[in-house]
Amino acid sequence: MVLSSILAVVVFAVMFIMAARDRLSRTAAMGMSALGAVLLLFGTFMGISGNDSSLVAQIVAVLIFVVMFVLIIMDKIERHIVTLCCGLATLVMVFGICMKSFDAVWETLNVANIFTPEFWYTAGSAEESSSGINWATIIFIAGMMVMVEGMAKAGFFRWLCMTLAKLVKYKVIPLFITFMLMSAVLSMFIDSITVILFLAAVTVELAQLLKFNPIPMILSEVFCANLGGSATMCGDPPNIIVGTSLGYSFADFLTNTGVIAGISLIFVLAYFFLIFRKELKEASEQNIDISAMPDPKEAITNKRDFVISLVIFLIAVVLLVTHAQTGLTVAFIGGVVAVLTLATSGKHALELLKKVDYKTLLFFIGLFVVVGGLEQTGVLVVVADFIGNISGGNALLMVAIIIWVSAIASSVVDNIPFAATMIPIIKTLSLTTGTNLDVLAWSLSLGTDIGGSATPIGASANVVGTSVAAKHGYPISWGRYLKACVPATVMVLIICTVSIFVRYGAELGIY
Amino acid sequence: MSKQLIISVGREFGSGGHIVAAKLAEHFGLPLLDSNILGEIAKEKHTSEEELRKYDESARNPLFSRTVNGFSNSPEEVIAQMQFDYIKGRADAGESFVVIGRCADWILRDNPGLVRVFILGDKEAKIQRTAEREGISRERAKFRMEQADKRRKYYHNTHSENKWGDSRSYDITVNSSKLGLDGTVDLLIKYIELKNA
């Protein structure tokens, strides 16, 4: 069994390497895939016939997870197709063939959870099941997507950018600071992709009018979007997953990761101003004809829709800030803002629904199933034990490992699957080592959110920001990006580590 | 010329494909599109042509790139797409032109006026031409040639379902070492005239 599994891994590995190097024809790839699959199935059945079916299930779950990650990194197949196929493979091969457990399938699909009152309303801080599909995350993100589409259609984001630019009289340095702050604040409530999509486009437009290079501003905005996202429960997908899986509220995030993000923001503003001061000063010396600038009001496509979208956004903010007190879950809030947006959109409702990024939602569904496979087979307990052992039960070391390993991993791979995988691990770590779960959760959130800023592919906002810049004729190379953002990332991670040690010293046994 | 004529010229490095394309453009009185496309794009976007040229005819590195909702962080990919849009735009506007590389054989595959040409050459002849043109040693010329062809092949095959240099991907492939550059140009002119007759 072990031999055939190893052979299958070798076959798959060779196939991926050759495919990546463009040395493999379609027929050869199909042949090798079939061979790998046969070896894998053979190994699986051999394993089941023996006494080590749980080991086989673990191996298959890990293999599926590794294949999923490799395919996501290779970016040749759309990532939602990758996670859905790997999710299906988990259901069939891990739960069906290896474990023969319908309960595991049911628990991972987690559909029954949606039909419980606690899913929508909870009196206390109820904890979601972290096993399987996290429907609360998916419904919340879907709802926010509908709301954001409504806001974008009404011209809200462009209006906001242009209004702020007008308020600072189109002066480059104040514009630079204002846009960084706006990026951070908007990203606390709205997905960073949307924030950067509009902010970067307006930045390029203003840069062409004011004759300055938009790259420093776009890099700073991207970094601040990721930092702002780390401040709240709904700012970044890893936080939504952490919050809904471990039962934290918006206020919990704001008073923990939010405070640290706020402190970091001051340093980040100073850092980016210092490294780009030469370019900014040169741009500031130019004479600007303010009368030639576009009027912010022109951004509003429809006044009625604009006011409605703004009101719905404010309702969403109020509901999120108070959800610990009202007992309304994020799934409920997501549902409400979506229904309100659609109900007030009239004939445009269908158009808004069509614009929802279903691929991302499907990506989440497949991902949760694959991670569910690792969890149900006990693989994540093994990983948690490993982290516990190498830290020797030292809570400080454990926190440092979680922050820095999460950050390094998130700088090169998608931070969403990473965070989803780490949640059961930190839960187990907390149970087995007695380390405070809250501290581990804040460490995980900050590590995954901040680490993503380090490279152009670490977070979605980075990809969108660099892409928008390139599409307007300002390509940003890896070198340029790393030179600006790696020191900032390291600086913020140091601030996070020190802040956690100082603030949670009692919980970590320092004092 | 009333009927639209677009000649896409794929080429091996050192085969003289660029010279052949320029002579075809001159003969038919058509504009020649090559890396000068980036100059046009830079002018349109008020940006630096030099910055864009760094990523001309290069494909993304899959390990260093990621796509989110159709947005790619890879400048190579974005700039390739800009050039494809530019070429397609001019073709859709009914213009006739000669275009070198840039996957035009694939991008414009549905255009009835397209003639897809690929110029190859004998290895020795290509090394000699490269060494003479760039004033470098034969070894260095061989290395340059292999690197450039590898890059062009990867770039083409990343953006196209046709394979670079595969005769099935083109209407005509010619070995410029057999007829010389002028002979190759004459052959191609005859072919295009017969095709459009």
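Below, chain A is the first sequence line, B the second, and so on; all start at residue 1.
- Using a 4.5 Å cut-off between heavy atoms, A/Ala461 does not touch chain B at all.
- Proximity to chain B (any heavy atom under 4.5 Å) is shown, for A/Lys359, by neither the backbone nor the side chain.
- What you find for A/Trp478 and B/Phe64 is that their closest heavy atoms are NE1-O, 2.8 Å.
- Counting heavy atoms from C-beta on, the side chains of B/Thr47 and A/Tyr474 come closer than 4.5 Å.
- Counting non-hydrogen atoms of neighbouring residues, nucleotides and ligands closer than 6.0 angstrom, the CD atom of B/Gln147 exceeds 12 such neighbours.
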Verdict with reasoning, A/Ile193 to B/Val68, per side chain to side chain contact (heavy atoms under 4.5 Å, CB included): CA-CA 9 Å; A/Ile193 298 178; B/Val68 173; 3.7 Å; yes

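- With a 4.5 Å cut-off on side-chain heavy atoms, A/Pro475 and B/Lys54 do not count as touching.
- Atoms CD1 and OG, from A/Ile457 and B/Ser72 in turn, are 10.5 Å apart once rounded to the nearest 0.5 Å.
- Residues A/Ile476 and B/Pro75 form no side-chain contact, since every pair of their non-hydrogen atoms from C-beta on lies 4.5 Å or further apart.
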For the pair A/Asp357 and B/Asn69, evaluate side chain to side chain contact (heavy atoms under 4.5 Å, CB included) and give the outcome as yes or no after the intermediate values. CA-CA 8 Å; A/Asp357 181 11; B/Asn69 298 352; 3.0 Å; yes

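- Heavy atoms of B/Ile79 lying under 4.5 Å from chain A belong exclusively to its side chain.
- Of the atoms belonging to A/Ser477, heavy atoms from both backbone and side chain fall under 4.5 Å from chain B.
- Within the 4.5 angstrom heavy-atom criterion, only side-chain atoms of B/Tyr55, from C-beta onward, approach chain A.
- For B/Ser65, the part lying under 4.5 angstrom from a heavy atom of chain A is the backbone only.
- Only the side chain of B/Val78 comes within contact range of chain A, with at least one heavy atom under 4.5 Å from a heavy atom of that chain.
- Of all the heavy atoms in A/Val463 and B/Asn73, the pair that sits closest is CG1-N, 3.7 Å.
- The neighbour count for B/Lys195 NZ, taken as heavy atoms of other residues, nucleotides or ligands under 6.0 Å away, is above 12.
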Given B/Arg66 and A/Asp414, is the side chain to side chain contact (heavy atoms under 4.5 Å, CB included) satisfied, shown in steps? CA-CA 9 Å; B/Arg66 195 178 141 196; A/Asp414 199 329; 3.6 Å; yes

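- Under the 3.5 Å distance criterion, the side-chain polar atoms of A/Ser467 are left unmatched by any main-chain donor or acceptor of B/Phe71.
- Sparse packing is recorded around CZ of B/Phe143, with 12 or fewer heavy atoms of other residues, nucleotides or ligands lying under 6.0 Å away.
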From CA spacing to verdict: side chain to side chain contact (heavy atoms under 4.5 Å, CB included), B/His46, A/His472: CA-CA 9 Å; B/His46 311 288; A/His472 287 86; over 6 Å; no

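- Residue B/Lys45 qualifies as enclosed at atom NZ: its count of foreign heavy atoms under 6.0 Å is above 12.
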